[in-house]
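Structure first, commentary second.
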Amino acid sequence: MPELPEVEVIRSGLAPLLSGCEVSGVLCFRESLRYPLPDLLCLKGRQFRNVARRAKYLLFEFDDEMTLVWHLGMTGQFHVLDANEPRQKHEHVRIDLNDGRKLVYRDVRRFGYAALIPSDELLLHPWFRSLGPEPLSDDFNVQYLRDCCRGRKGPIKSLLMDNGVVVGVGNIYAAESLFRAGIHPARAAGRISEMRLGRLVNCVRKVLTEAIAAGGSSISDFVHADGKPGYFSHNFQVYGREGNPCPLCAVPIKRMVQAGRSSFYCSGCQH
DNA sequence: AAATGAACCTGTTTGC
DNA sequence: TGCAAACAGGTTCATT
């Protein structure tokens, strides 16, 4: 489900709902999701200080300098509800707050995963150690991307989705960014001019920023912490639009499979 | 080294 | 109508 914009939208929704709240109890309805769940019972009595984000990870920061790291996989959702709301289908974890609400985690496919890590060790953790820069930071720039692409024969789309290169760009936003930049998803990364890579950097930034502003993309099951959908999917120009006319040149959008994932592109506009 | 495919799960859509 | 195959926002591991 979630790429960087969706995780960011969830983060910004949760932070004001949780900061300052104390955990009064925890219930796990299964022992593991993608990996075994950490011992969440030790959160009891701790206070949420902030909810941050790195890449597609949500970072729940507690007052005792512990961070609960949570990846949503494909279908993970967090909701803050009244404690007496009935348990939903696929609800796996429930964290009770001392003000009569609860933070609930749902995940149909159970690809999500979590860990409890001392805050100062976060960047040393295997999940974080080898991550590339945030796409909206100054570290993601044309010089950097050019160095990443140098000599690479693989397709640019795979490189864009490689978290070691840049984080947060998934299948949807890779397709949309490449379309805006006019670059074919199968083009060898090492054979793109610096000028076009510069355009790509700007397009990635722009697409992600617009998507955050629109509240993310709801395809089937993405919803905010308050249960509302995002609207960026109305702005998709190629993703999921195989056979429809290109918004720029009216040639039908094509679909191809790269590394097991669908890629959507316009053969008229992208080279 | 770098690229592809399978695996992890469940639900929905598509095609015969 | 029914049933099976294909497909879905992500990541990791094994295999070329």
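Residue numbers start from 1 in every chain, and the chains themselves are labelled A, B, ... in the order their sequence lines are given, proteins ahead of strands.
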Taking atom P in both C:dT11 and B:dA1, what distance in whole Å separates the two?
-> 23 Å
By side chain to side chain donor-acceptor pair (under 3.5 Å), which residues pair with A:Ser177, not counting sequence neighbours?
-> none
For A:Gln88, check side-chain contact (heavy atoms from CB on, under 4.5 Å) against everything at least two apart and list the hits.
-> A:His79, A:Leu81, A:Glu91, A:Val104, A:Arg106
How is the base pairing of DNA chain C summarised as a dot-bracket string, given the Watson-Crick and G-U wobble criteria with both distances under 3.5 Å, [ ] for crossing and | for another strand?
-> .|||||||.|||||||
Kindly give the atom pairs (protein nitrogen or oxygen, nucleotide nitrogen or oxygen) under 3.5 Å for nucleotides 12-16 of chain C.
unit_1 : atom_1 : unit_2  : atom_2 : d
C:dT12 : O4'    : A:Arg34 : NH2    : 2.9

C1' gap between C:dG9 and B:dA3, integer Å | 22 Å
What pairs of donor and acceptor atoms, side-chain ones from residues 158-170 of chain A against any protein atom, are under 3.5 angstrom apart with sequence neighbours left out?
unit_1   : atom_1 : unit_2   : atom_2 : d
A:Asp162 : OD1    : A:Gly164 : N      : 2.7

Outermost nucleotides of DNA chain B that come under 4.0 Å of a non-hydrogen atom of chain A = B:dA3 to B:dG11
Sugar-phosphate only, base, or nothing, as touched by A:Arg152 at under 4.0 Å among non-hydrogen atoms | sugar-phosphate
Who pairs with A:Tyr239 by ring pair (Phe, Tyr, Trp, His ring centres under 6.0 Å), at least two apart in sequence or on another chain?
-> A:Phe236, A:Phe264
Show every donor-acceptor pair shorter than 3.5 Å between a side-chain atom in residues 20-29 of chain A and any protein atom, with sequence neighbours excluded, or say none if there are none.
unit_1  : atom_1 : unit_2  : atom_2 : d
A:Ser24 : OG     : A:Asp96 : O      : 3.4
A:Ser24 : OG     : A:Leu97 : O      : 3.4

Under 4.0 Å between a side-chain N or O of A:Arg109 and OP1 or OP2 of C:dG9?
-> no
Separation of the P atoms in B:dC9 and C:dC3, to the nearest angstrom | 25 Å
Please identify each residue that fulfils ring pair (Phe, Tyr, Trp, His ring centres under 6.0 Å) with A:Phe140, with sequence neighbours left out.
-> none
Kindly write out the residues that satisfy side-chain contact (heavy atoms from CB on, under 4.5 Å) with A:Ala83, not counting sequence neighbours, or none if the list is empty.
-> A:Arg94
Any chance the side chains of A:Ser262 and A:Arg255 put a donor and an acceptor closer than 3.5 Å?
-> yes
Is A:Ser262 near enough to C:dA8 that one of its side-chain N or O atoms lies under 4.0 angstrom from OP1 or OP2?
-> yes
Name the nucleic acid region contacted by A:Phe232, choosing base, sugar-phosphate or nothing; use a 4.0 angstrom heavy-atom cut-off, strictly under.
-> nothing
Could I get the full list of side-chain contact (heavy atoms from CB on, under 4.5 Å) partners for A:Ser32, not counting sequence neighbours?
-> A:Pro36
Answer yes if the ring centres of A:Phe48 and A:Phe62 are under 6.0 angstrom apart, and no otherwise.
-> yes
Rounded to whole Å, the NE2-P distance (A:His71 to C:dG10) equals 8 Å
Taking the same atom, P, in C:dA6 and in B:dG5, what whole-Å distance lies between them?
-> 15 Å
Determine all donor-acceptor pairs shorter than 3.5 Å in which one atom belongs to a side chain in residues 49-60 of chain A; sequence neighbours excluded.
unit_1  : atom_1 : unit_2   : atom_2 : d
A:Arg49 : NH2    : A:Glu65  : OE2    : 2.8
A:Arg53 : NE     : A:Glu8   : OE1    : 2.8
A:Arg53 : NH1    : A:Ala55  : O      : 2.9
A:Arg53 : NH1    : A:Glu134 : OE1    : 3.0
A:Arg53 : NH2    : A:Glu134 : OE1    : 3.2
A:Arg54 : NH1    : A:Gly132 : O      : 3.3
A:Arg54 : NH1    : A:Glu134 : OE2    : 3.0
A:Arg54 : NH2    : A:Gly132 : O      : 2.8
A:Tyr57 : OH     : A:Tyr113 : OH     : 3.1

